[in-house]
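One structure is given below, encoded as structure tokens.
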Amino acid sequence: MANKRHVSTTINGEPKEFLCAPHESLLEVLRDNLGLTGSKEGCNNGNCGACTVILNGRPVDSCLVLGVEVEDAEVETVEGIADRNELHPVQECFLEGAALQCGICTPGFLVASKALLEKTPDACEHTIRYNLAGNLCRCTGYDKIVRAVQDAGKRMAESN
Amino acid sequence: MVTVFIPAQLKELTGGITSVEVEASNIRQVVERLEQLFPGIQQRLCDGDDLRSGLQVSIDSVMTSRGLIAKVQPGNEIHFVPAFGGG
Amino acid sequence: MKPFDYASPSTIQEATALLEQHGDDARVLAGGTDIIVQLREGLRDAEIVIDVKKIPELTALDLCNEGGLTLGASTPCCDVYETPDVAAAYPALADSAHIVGGWQIQSRASVGGNLCNSSPAADTIPSLIAHNAICLIEGPTGTREVAAQDFCTAPGRNVLESGELLVTLRLPAVSDSESSAYERFIRRNEMDIAVAGAASWIKRGDDGNIADARIALSAVAATPQFAQEASEYLVGKAPTEENFSQAGELAKNVASPIDDMRGTVEYRVNLVGVLVKRTLATALARIQGDG
Amino acid sequence: MIKNNGNGEYRVLGTRPVRHDGADKVTGKAVYTADVQLPGMLRGFILRSPIAHGLIKSIDTSAAKATPGVHAVITSADMPDVGDKIADLGEGAVNLKYLSGNVLAQDKVLYKGHAVAAVAAVDIHVAEEAANKIIVEYEELPSVTWVLDAMQDDAPLLHDDLHTDSMGAKSENPSNICTHMHFEKGNIEDGFAQCDVVVEREFKTASVHQGYIEPHASVGDWNEDGRLRIWTATQGSFSARQQTAEILQIPIGDVVVTPCEIGGGFGGKIAVYLEPLVGMLSKVSGRPVKISMTRADVFEATGPTPGSYMKVKIGATNDGKLIAGEAWLAYDAGGYPGGMIGPGCMCVFSCYDIEHAVVDGYDVCLNKPNTQAYRAPGATQVAFATEQLVDEIAKQIGMCPLEIRQLNAAKEGTVRVDGPKYPPVGLVECLEALEESDHWKSSLDGPLRGRGIAAGFWFGCGLKSCATVTVNHDGTVNLLEGSTDIGGSRTSLAMQLAEVLGITSDDVNPMVGDTDSVGYTDVTGGSRVTFATGLAAYTAGRDLQTQMISRAAEEVWDCSPDEVTLENDGSFTHNGESKTFKELASQLFKHGEPLVARAAVSPENPTNGFGVHVADVEVDPETGKVTVLRYTTIQDAGKAVHPSYVEGQLQGGTVQGIGWALNEEYFYHDNDTVANASFLDYRMPTMLDLPMIDTIIVEAANPDHPYGVRGVGETPIVPPPAALANAIYNATGTRMEQLPMSPPVLWKQLQSESAEA
């Protein structure tokens, strides 16, 4: 087996160091090495978005990133969305709008939605549907997710 | 007396009769009366001392999972129907 | 996934040296959205994975009036469509970059990686062909240039020799009288592989007729195809629906698709006609400023 | 929107509180099975059959066992012999031989992906590498994956000891047909003789998967005290416990199953796949073991729900009265017997009052994974057939599709083909709501656009549920129940308890217990939890109030219990003095024994959920692609406890139905192996494939529940394929006889019809 590498990175704003073998994905590193199990594995090949994290400002499927690739990078996971005990508007709106049922896709949706709203706070329905099409949900039929993202955008605009 | 509807698949045992009235106070007795009338029907409805797996009883359109011990009242209509669950 | 080693060179020379040293046992990692899946599923093997994203030339994105577009091979798709000048000048490329997987994939997947993966169904390759892109390749024996339309040789195979690295894609400069479009057909509206795809680039002459055209197809042959006959047919013709349909019919001549779960031969050939016609109309509308 | 038929005023029911597990689920704290970490835990990997049908001649595990980091390798030889015994699993009975064989193949593999061996190692990569070193020698056998082919006398036989069961009678020769069912009502010849118009068509539907986003996962720890602890993604912890105990041949009491948060099930997480394997791997290795399936494993070895062939004939008079119906249905069972044909037969005509009917149904083994329930299992297929034929009759006699449904709708007293009569049901109300809806009243303009409607039915079952309520110092309460919560049921149960007690939803802390801590509770399935476990929560609340009346009489008011009145708002009064639940509970806590209440219920009647859908589509004739422009789902919920989650069930089920209708299917290679075992090529709907799904909740109270609750989870998947087929017909004039109605299929059909024209 290839030797493990030492990786220094920033996760949810905090410096982190970890060891990982080159063939371990960022998703495995987060879940198994760092105990950040909020990112979920739904398919392990980039087709469901449940493992979405923000890498250097952009949403990516962490199953399609090698752990060794995040040297000197900034990674944000679902665990980093809330500010201490204050939920982020996107989290609040998912809860208030019942935009989750089983909840397994929710972390990926929250991370991708936050990335979208930071880029396009007033995203219209089509923009939301287009940008979040890489996140599969099998429970909700998406209706309430779209509405929650719209509501969160409004709430973020109001608080700014 | 209760009215027992014969499952269509068992009509071969009843000579085409589709329902009969029997005197019974529970499903076990219903099956016993049926067996007296139509020999062989009991083993089609039951497996040992229980209803055959996959079958359930409806009494006046109310499903029961109590099987042979389910009580019946005079005037009840009894059907044997497939069990169903769901997803 | 089987274990492998990892290197992240910061110069082209380091990268090509590693590639030469490891030969077929080395795999290049740009966005990783194909190669990581292939390694995980055992479709490809690697002793070493060479991450080329730290090489400055490979993440370049430069547009200049005369020189056209210089696109580093590992530049992610989202950079293409999120850079307004680039998206405006090369709309077919922006169209295709915008539909490679979902947003998460587009944040990582690169146009160069899409080309090197050399899938017959790759979305960005027809757009590169339609825009007459040139591939700059560095290798142990120096630099060479290959036209995008000649890059792929078979499903999953291309002209890259052992030790060679695709560094840059160069797209010729465009004028206001040219535009392009890419459209593919998929069963869903996103997150799917093209059943068939078409990119069309046209240049309108002063007389209003088509001065030049390039049409390319995906998912209807072993490699993405330049539809030469259809392209040449349009030259000198009026940009009418009828001529666009006829170009679509002619483009079918280079389609030799397979039957598979994504579509039948008959269906794919039909789609070629539909998509060529539609992308030509979109390109025209874009020249006219209403696309 | 809620359409309330005047059920009475509630304080809690009908409101939309934030769910109790919400904060955990939006912060990543909620623990799903794959998130469980135990000290020393190993990771497991399963070696699966690469072929669809074959005899296992030999398995050589020596190289795998010798791999560094490997702690256990098991094959069926390591599993106990379960014999030929039928086990009753609450929701259905199953032969243990088949159950065990599906978990780990014995002498034969019956589908690609059938588990053959399992490895536990220090990490997943080592486990996978070692599993791939296991050498299995197969003798490949001819295979079959189309139901009609599998029914032929000369079809490859999956089980040479399987004889067709016709209600207790067994066929002489072995057959792939496991079950033949037959139902009759009235006199079919007389019925068709009275008809002015008769339509008949053949339909076929592809296998589809439940498609939950969480792959199956289990963790097992065979403890030194002999007890096996399982953490697992299951719809039913007690069912998983029983299946695991039966397969491993250990006492049920030696197994404790902790249901983790579960990432979707839809019927596909009732059967056990991994639980016995992690148990056995843990026993062999002496370490806890976790297995998470890959997505390919999920597609190839779990679910799907049956593909089908159906021939259905319906006759009516010129004034639109449906008189006679005949159906011949053949459904996939998969590799082992036990499919969904029963409910298919019972649902084919379940929406209509048809006097004469005959239904024959066949459940057929073939080389696919053992089929599992999927949301109203068996009903969506038949609705696709029947609802199109009803439309066709309406068209032929010049009647509106809504009117013909209103004229024939099942109602109280309608006799289903399997015999029972409906109690009060809400189909008529749903059709009325459709007629009054904005969607129905709106115009749909434009070429190649069409509108279709369809009705659907699912029983909704009761089964067994338990609940325990404990009271805290401050009068808040804890609700312990056994229904795994897949979609917010903790809150819908807490709300029912809060309603009884006159407290708020937030005053209730609901918790899903493990099998050691809560009374037996059947699976989360059959649309039963909000209804049946809700009834348990309600009943436990009543038990608590009864205790409190008696305690208040003695300890507070020094009177007889009859002199204490329980008011509608949950307060207790005596001689003009009133105490709220919380006041009284706090007071009783101070001076006497703690308050604990419990309930065990087994409601047996189906809750009979009806729904009606309307869809607007646009068809692209050049590609065959269907775009859903607008969609409205109408359903009778009896009483919508938490309307947001009722809407969510309606929307989610509808979208699964839309996926089934338009794109989802299993593709097979020539050798009957699955070709599209990934989310990429299975093509469930993405967000971009859909419009908003409007909902109208009708509330026609269920007489069997104190608040009138009906199950709502399953019915919404039933109408969409039919509604979309009817809309496609309305847009193009072409009738769709197969699912999915994918672009290549629709394009081809439009091409050949325009060629004929």
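Every chain is numbered from 1 and lettered A, B, ... according to where its sequence line falls, protein lines coming before strand lines.
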Interface moiety of [X] toward chain B, non-hydrogen atoms closer than 4.5 Å:
X: D:Q372; value: neither
X: D:F183; value: both
X: D:S602; value: side chain

Contact leader toward chain B among [options], where contacts are heavy-atom pairs under 4.5 Å:
options: D:P603, D:P423, D:S166; answer: D:S166
options: D:A379, D:S527, D:G342, D:A169; answer: D:A169
options: D:M340, D:H180, D:R375; answer: D:H180

Does atom [atom1] ([X]) have a neighbourhood of more than 12 heavy atoms from anything else shown, all under 6.0 Å?
X: B:K71; atom1: NZ; answer: no
X: D:E355; atom1: CD; answer: no
X: D:K411; atom1: NZ; answer: yes

Rounded distance [0.5 Å steps], CZ in B:R66 versus CD in D:E604:
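It is 5.0 Å, given to the nearest 0.5 Å.
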Nearest 0.5 Å please: distance from the NZ atom of B:K11 over to the NE2 atom of D:H182.
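Result: 6.0 Å between the selected atoms.
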Only one of D:M167, D:E184, D:M181 forms a side chain to side chain contact (heavy atoms under 4.5 Å, CB included) with B:P7, so which one is it?
D:M167
Where is the tightest heavy-atom contact between B:V81 and D:M346, given as atom of each residue plus distance?
CB-CE, 4.4 Å
Show the nearest heavy-atom pair for residues B:M63 and D:P420, with the distance to one decimal.
CE-CG, 3.9 Å
Validation row: B:S61, D:R416 side chains within 4.5 angstrom (heavy atoms):
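Side-chain contact under 4.5 Å: no.
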Pairs of heavy atoms under 4.5 Å with chain D: top-ranked of B:Q56, B:Q43, B:Q9, B:R52:
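Top count of heavy-atom pairs under 4.5 Å with chain D: B:Q9.
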Which answer fits [X], side chain, backbone, both or neither, if we ask what part of it has an atom under 4.5 Å from a heavy atom of chain D?
X: B:I59; value: neither
X: B:S65; value: both
X: B:V62; value: both

Relative to each other, are the rings of D:F459 and B:F84 parallel, tilted or perpendicular (30° and 60° limits)?
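The rings of D:F459 and B:F84 lie parallel, inter-plane angle below 30°.
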Look at the side chain of B:E77 and the backbone N and O of D:G419, then say whether any donor-acceptor pair between them is shorter than 3.5 Å.
no
